Amino acid sequence: MSTAVPDKPALEGLEDKWRERWETDGTYAFDRTKTREQIYSVDTPPPTVSGHLHPGSMWSYTHTDFMVRFKRMSGWEVFYPMGWDDNGLNIERRTQINYGVICDPSLPYVENFEPPAKAPKDPIPVSRPNFVELCTRLVEDFEIEFERLWRTIGLSVDWKYLYRTISPDVTRVSQAAFLQLVDRGDAFRVEAPTLWDVDFQTSLAQADLEDREMAGAYHKVMFSDIAIETTRPELIPACVALVAHPDDERYKARVGTTVRSPLFNVEVPVLAHELAEPDKGSGIAMICTFGDQTDVTWWRELNLPVRPIMGRNGRLLPVEWDDPEVQARYDTIAGRNAKQAQRLIVEMLRESGDLVGDPKPISHAVKFWENGKSPLEIITTRQWFIKFPSKDALLKRTGELQFHPEFMRVRLENWIEGLQGDWNITRQRFFGVPFPVWYPLDADRQVDWETPIPATPDMLPVDPSTVAAPGYTEDQRNQPGGFVGDPDVMDTWATSSLSPEFVSGYLRDDDLFARVFPMDLRPQGQDIIRTWLFYTLVRGEMQFGGLPFTHANISGFVTDPDRKKLSKSAANADDSPFGLIEKHGADSVRYWASGAKPGRDATIDPNEFKIGRRLAMKVLNASRFALSFGEADDDAPVTEPVDLALLQSLSRTIEEASRAFEAYDYTTARAATETFFWSFCDDYLELVKTRAYGEGDQPASATASARRTLRIALGVQLRLLAPVLCFVTEEVWSWFNDGSVHRAGWPTTAELSEWAGSDANVLVQAAHVLGAVRRAKTEAKVGMKTPVARAVVRGTADDVAATEAARADLMAAGVIAELDVAEGEPS
RNA sequence: GGGCGUAUGGCACAGCUGGUUAGCGCGCAGCCUUCACACGGCUGAGGUCACAGGUUCGAGUCCUGUUACGCCCACCA
């Protein structure tokens, strides 16, 4: 055992040193010869590479690292990979903003295209391959930064297992799983009303939506003699029916008759449906194709025709009308966006007298894409859908999953219960996993959408826009009797929902897969319960009929000191992850992160960083001190009551910290260890330092007992703190141990069983007496080293016994000449 | 509209299945000073546990209701 304790230990430089050592030593390398029951596997969230990471990400990823380090030390072989989610709408959005470009697939590829240094105001149209190149360049820059941050904060990832969701391997798995679903009929392509973002010109899924409270207005409009109220009068030309509740006496007689729409003079039926709410507006609604989700329901259930007017770009389509007067009216709104069209229609309604009174301003929730800037439209398009398993099946799986904290479960349940329809996985975008299918063209070059040609397994991964369909040659592309490739890409979640499968080697490495799947832990943010967590359960259910992991650890979010939720853009330089680490140190930042239990929110609190740093410093100094008394004899018996009491108390701390960690409560585990550590420094070290020095007339055995106890206690405490303060504990560990503290065993009470049953009260009482002596000195305004001629202790028989047991240590620590101990009332 | 979470000294939090004077840290006040640590040590002063009822011998801890903040879900014409 080598002891190499520095004279002036410092935190500076320590983190870089150990980061490099861990890398060269392969400290966190995954040993894949271990079997499933020896392995603890983590389905790490691949962060979306669409911007800088913010402190909240660092915070929650660190939580996972706490658990991972605990499990690793507890004897599990930990499979802890990292990944980047580098496809998806957010990345395209960021690419458009960063480089000032927009993708126009009709353009030809430009060799060596270089975007201007400063993004121009009007985006530059670029070809699809150019656009994808820019997306790739963007994510590569961010990925370098991401990896650097994870290494800097000390995540104990095995970087050999790094994956990217656009990599060929992942693309292959994603495409293969998709084709399996197609085979089984669980993925299908249909033409249906779809949620549509008019700016990004893509369809979306239910999970991509968010509500925004918007100003709007009820417009009371006459359909023949019936008044309806609508917030979207511009959709009157798309009206296909009116609908009232079947029990509504006001309209009962009218059901089955027809009315004529104002301005456009279209005859539409009056119908009845349960979903019409009598107390909303005038109690009768116009059904348009399509104004909102309810329209879709009515349209489907009442078998109504489609009268589409909304174009994919959010502008009204040209429509042909029989009546030239109507045509003239419509032509004034054709080509306009919804807002402009509304203004024009309202004017016309006012002129024609079909508008009753003035519009009534209201505030109502409108659906948006969560990153979009215009309200969503519902447009009929042809899309690939995945058929969800039944809600019952999904709720059953949810019930089997262990949530940390438990109350997050209900969020997933709520979401499942509110599901509508199937999962649209098609995006009319460019940077993503392509659908591995083609469609035949007939002699007139008409696409036969109904009989897609799937890729054969050996073709995967494949891009149907550059590779010919099986059985065809490239020169048949777009030719009569030839083929076309599927033009769309998959929803990014359609790929990342398979993360537990592809990190585990599904369809790639059967041996690995057998060792790590199903996984143990899914850590993730609460904001992606409805997406990542939900979709992953869906895929696990469809692919394997079971859970892809057993535990879900859901983190809260980080607010800035003003209690506002942090956003990527709002973070200022000082509060950037790197800024925080540079300022306070990685261990301090980790300490801060350890202060919030799973699922709980936290604030960026400079105070917490400070405390973390103080603790790290204290670990350095106290350890140096504890090791400074000379070599300890590993066989020296622990004999002194104060030493035995310390080990007893330490044993309880091990129990408490272990129990907390097992329950995914790293916060309580750290707090228990921290409390013990400070009393170790303040009381125990003070009590035994004289004895440990070998000063005074103590027997050699008493000195040996102290020295040995110090080393035992230090070794245990370093290991208890290692998951949180991974750098400083490693440094101190190296002073008197070989190997990494992170590969040392998690401390157990069994290690201390030799001294089990000791009286911990001795130390409690000694600290109590020492406190009283200190108080007296403080009140006398003298230093702590001032000698005390005589100290009097009165208490119960137990107190007396405990005090006597610590007598020599107390007298030394308090510099007490005479210690009078007896039973009696404390004064 | 339905649901979840949180409300404890100036700040940030702990208080498990209810049990003597409600804990910790920061901040604050006072003291100590270099023989581990000034990126320090010691001591101390701070709380009617959001509000109103109830159960109980006894409630911060259980029940009911209310309020505030945060969040999730909802077919929001």
Side-chain angles (χ1 to χ4, degrees), chain A residues 5 7-12 211 213-214 216 218-219 228-232 235 242-243 274-277 280-288 291-298 362-367 405-420 526-527 529-530 556-557 559 561 563-565 584-585 588 595-597 599-603 605-608 610-611 613-629 659 667-668 671-672 674-675 678 681-682 685-686 689 693 770-786:
Chain A
V5 185
D7 287 338
K8 259 291 184 196
L11 294 171
E12 282 63 36
D211 286 350
E213 203 62 30
M214 299 272 291
Y218 274 126
H219 301 76
I228 61 107
E229 291 196 60
T230 178
T231 56
R232 301 202 61 185
L235 293 180
L242 299 191
V243 65
E274 302 279 342
L275 278 181
E277 293 181 35
K280 199 170 276 180
S282 58
I284 188 161
M286 70 169 180
I287 302 173
C288 305
D292 63 19
Q293 303 255 32
T294 322
D295 281 345
V296 177
T297 308
W298 280 327
I362 55 157
S363 169
H364 63 152
V366 178
K367 298 236 179 273
E406 173 59 32
F407 67 74
M408 288 293 179
R409 178 190 306 282
V410 70
R411 300 205 181 184
L412 181 56
E413 288 171 345
N414 280 353
W415 176 253
I416 292 170
E417 282 156 6
L419 280 178
Q420 292 177 57
Q526 56 182 322
D527 51 330
I529 289 175
R530 56 146 81 173
F557 55 76
T559 62
R563 287 270 154 194
K564 284 193 219 86
K565 193 176 171 180
H584 305 284
S588 304
K597 290 184 184 184
R600 301 292 292 268
D601 302 341
T603 309
D605 184 356
N607 216 13
E608 286 295 310
K610 219 178 85 187
I611 300 164
R613 190 176 171 85
R614 197 173 63 123
L615 177 62
M617 275 305 297
K618 194 75 174 179
V619 167
L620 281 182
N621 284 314
S623 301
R624 178 182 156 233
F625 187 48
L627 296 171
S628 69
F629 303 111
R659 202 184 316 117
T667 299
T668 299
E674 193 182 10
T675 302
W678 282 108
C681 293
D682 295 344
L685 274 175
E686 290 301 321
K689 64 182 181 188
Y693 271 128
L770 191 57
V773 172
R774 285 167 178 159
R775 196 175 309 121
K777 290 182 180 179
T778 297
E779 279 163 13
K781 303 195 175 191
V782 297
M784 288 300 139
K785 289 186 173 113
T786 309

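Order of the sequence lines fixes the chain letters, A, B, ..., with proteins taken first and strands second; residue numbering starts at 1 for each chain. Nothing here was measured: the structure is a model prediction, and the numbers come from that model.
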Is the closest side-chain heavy-atom distance between A:R774 and A:E686 below 4.5 Å?
yes

Mapping A:W678 and A:R624 onto RNA chain B by nearest heavy atom, which one lands closer to the 5' end?
A:R624

A:R530 vs B:C73: side-chain N/O to OP1/OP2 distance below 4.0 Å:
yes

At 4.0 Å (heavy atoms only), tell me whether A:L275 reaches a base, stays on the sugar-phosphate, or touches nothing.
base

Write down the distance separating the C1' atoms in B:C72 and B:C63, rounded off to the nearest Å.
26 Å

Distance between the C1' atoms of B:U34 and B:U48, in whole angstroms?
46 Å

Report the distance from atom CD1 of A:I416 to atom C1' of B:C72, rounded to the nearest whole Å.
14 Å

From the candidates B:A36, B:G25, B:G30, the one with an atom nearest any side-chain atom of A:T778 is B:G30

Atom-pair distance (CD on A:E608; P on B:A12), nearest Å
11 Å

Mind checking A:E674 for me? I need base, sugar-phosphate or nothing, with any heavy atom below 4.0 Å counting as a touch.
nothing

A:W415 six-ring face occupied by A:R409 cation (under 6.0 Å, within 45°):
no

Could you please name the option among B:C39, B:C75, B:C76 that lies closest to any side-chain atom of A:Q420?
B:C75

Rounding to an integer number of Å, can you tell me how far A:K8 NZ sits from B:A36 P?
11 Å

Closest to the A:K785 side chain: B:C76, B:C37, B:C35?
B:C35

Which part of the nucleic acid does A:T231 contact within heavy-atom distance under 4.0 Å: base, sugar-phosphate only, or nothing?
sugar-phosphate

When you get a sec, tell me which of B:G44, B:C39, B:C42 is the closest nucleotide to the side chain of A:R613?
B:C39

Check whether the side chains of A:S282 and A:E229 place a donor and an acceptor atom closer than 3.5 Å, and report yes or no.
no

Looking only at atom C1', what distance separates B:G40 and B:A52, rounded to whole Å?
49 Å

Given pairs defined as Watson-Crick or G-U wobble with both distances under 3.5 Å, what dot-bracket annotation applies to RNA chain B, with ( ) intrastrand, [ ] crossing, | other strand and . unpaired?
(((((((..((.(.....[...).)).(((((.......))))).....(((((..]....))))))))))))....

Go through the steps to decide whether A:E413 and A:R530 satisfy the test salt bridge (charged side-chain N to carboxylate O under 4.0 Å, His left out), and finish with yes or no.
CA-CA 9 Å; A:E413 288 171 345; A:R530 56 146 81 173; over 6 Å; no

Using atom P in both nucleotides, what's the gap between B:U21 and B:G58 to the nearest angstrom?
15 Å

note: A:K597, atom NZ; B:A12, atom C1'; distance rounded to Å ~ 15 Å

Among the nucleotides B:C76, B:A36, B:C42, whichever has the atom closest to the side chain of A:H364 is B:C76

Base, sugar-phosphate alone, or nothing: which one does A:G418 contact when heavy atoms must sit under 4.0 Å apart?
sugar-phosphate

Any N/O donor-acceptor pair, A:D682 side-chain to B:C42 base, under 3.5 Å
no

So A:M784, base contact, sugar-phosphate only, or nothing? Heavy-atom distance under 4.0 Å.
sugar-phosphate

Describe the nucleic acid contact of A:S628 in one word from base, sugar-phosphate, nothing, applying a heavy-atom distance below 4.0 Å.
nothing

Using a distance-only criterion (donor-acceptor N/O pair, under 3.5 Å, no hydrogens), is the base of B:C39 paired with the side chain of A:R614?
no

Measure across A:D295 and A:I287 and return the closest heavy-atom pair with its distance rounded to 0.1 Å.
OD1-CA, 3.7 Å

When we call it a touch if two heavy atoms are under 4.0 Å apart, what does A:A276 touch: a base, just sugar-phosphate, or nothing?
base

Residue whose closest nucleotide on RNA chain B lies nearer the 5' end, A:R775 versus A:M617
A:M617

Does the side chain of A:K618 get closer than 4.0 angstrom to OP1 or OP2 of B:C37 through an N or O atom?
no

Side-chain N or O of A:Q526 less than 4.0 angstrom from OP1 or OP2 on B:C71?
no

Write down the distance separating the P atoms in B:A29 and B:G65, rounded off to the nearest Å.
46 Å

Calculate the interatomic distance between A:K367 atom NZ and B:C75 atom C1'; express it in whole Å.
9 Å

Report which part of the nucleic acid A:T294 touches: base, sugar-phosphate, or nothing (heavy-atom distance under 4.0 Å, all strands).
sugar-phosphate

So, for A:G556 and A:D601, which heavy atoms are closest and what is the spacing to 0.1 Å?
CA-OD1, 3.5 Å

Round to the nearest Å and state the distance from A:L412 atom CG to B:C71 atom C1'.
16 Å

Provide the distance between the two C1' atoms, one in B:C69 and one in B:A50, to the nearest whole Å.
11 Å

Measuring from atom NE2 of A:H364 to atom CD of A:E213, what distance do you get when rounded to the nearest 0.5 angstrom?
8.0 Å

Tell me, do A:D211 and A:V366 make a side-chain contact under 4.5 Å, heavy atoms counted?
no

Nearest-Å distance once atom C1' is located in both B:G9 and B:A14:
14 Å

For A:R624 and A:P9, which heavy atoms make the closest approach, and how far apart are they?
CD-CD, 3.5 Å

At under 4.0 Å between heavy atoms, which parts of nucleotides 2-11 of chain B does protein reach? Answer with one letter per nucleotide, 5' to 3': B base, S sugar-phosphate only, - none.
BSSS------

Does A:T603 use its side chain to pair, donor to acceptor, with the backbone of A:D605 at less than 3.5 Å?
no

Quick one: label A:C681 by what it contacts on the DNA or RNA (base, sugar-phosphate, nothing), any heavy atom closer than 4.0 Å.
base

Could you measure between the two C1' atoms, the one in B:G70 and the one in B:G46, and give it in whole Å?
29 Å

Should A:M617 and A:N621 count as side-chain neighbours, where that means a heavy-atom distance under 4.5 Å?
yes

Given the structure, check if the side chain of A:K781 and the base of B:C31 hold any donor-acceptor pair shorter than 3.5 Å.
no

Measure the distance from CZ on A:F557 to P on B:G70 and round it to the nearest whole Å.
10 Å

Find the distance A:R774:CZ to B:C42:P and express it as a whole number of Å.
6 Å

Nearest heavy-atom pair of A:K689 and A:F629: which atoms, and what distance?
O-CE2, 3.9 Å

Sugar-phosphate only, base, or nothing, as touched by A:Y693 at under 4.0 Å among non-hydrogen atoms
sugar-phosphate

Is the base of B:G27 syn or anti, where syn means the angle lies within 90° of 0?
anti

Check every atom of B:A36, B:C73, B:C42 against the side chain of A:W415 and return the nucleotide holding the closest atom.
B:C73

Please report the closest heavy-atom contact between A:A596 and A:A602, naming both atoms and the distance.
CB-CB, 4.0 Å

Reckon A:E274 touches a base, only the sugar-phosphate, or nothing at all at heavy-atom distances under 4.0 Å?
nothing

Classify A:K610 by what it touches in the nucleic acid, base, sugar-phosphate, or nothing, heavy-atom distance under 4.0 Å.
sugar-phosphate

Nearest heavy atoms of A:K777 and A:T786, plus distance in Å:
NZ-O, 2.9 Å

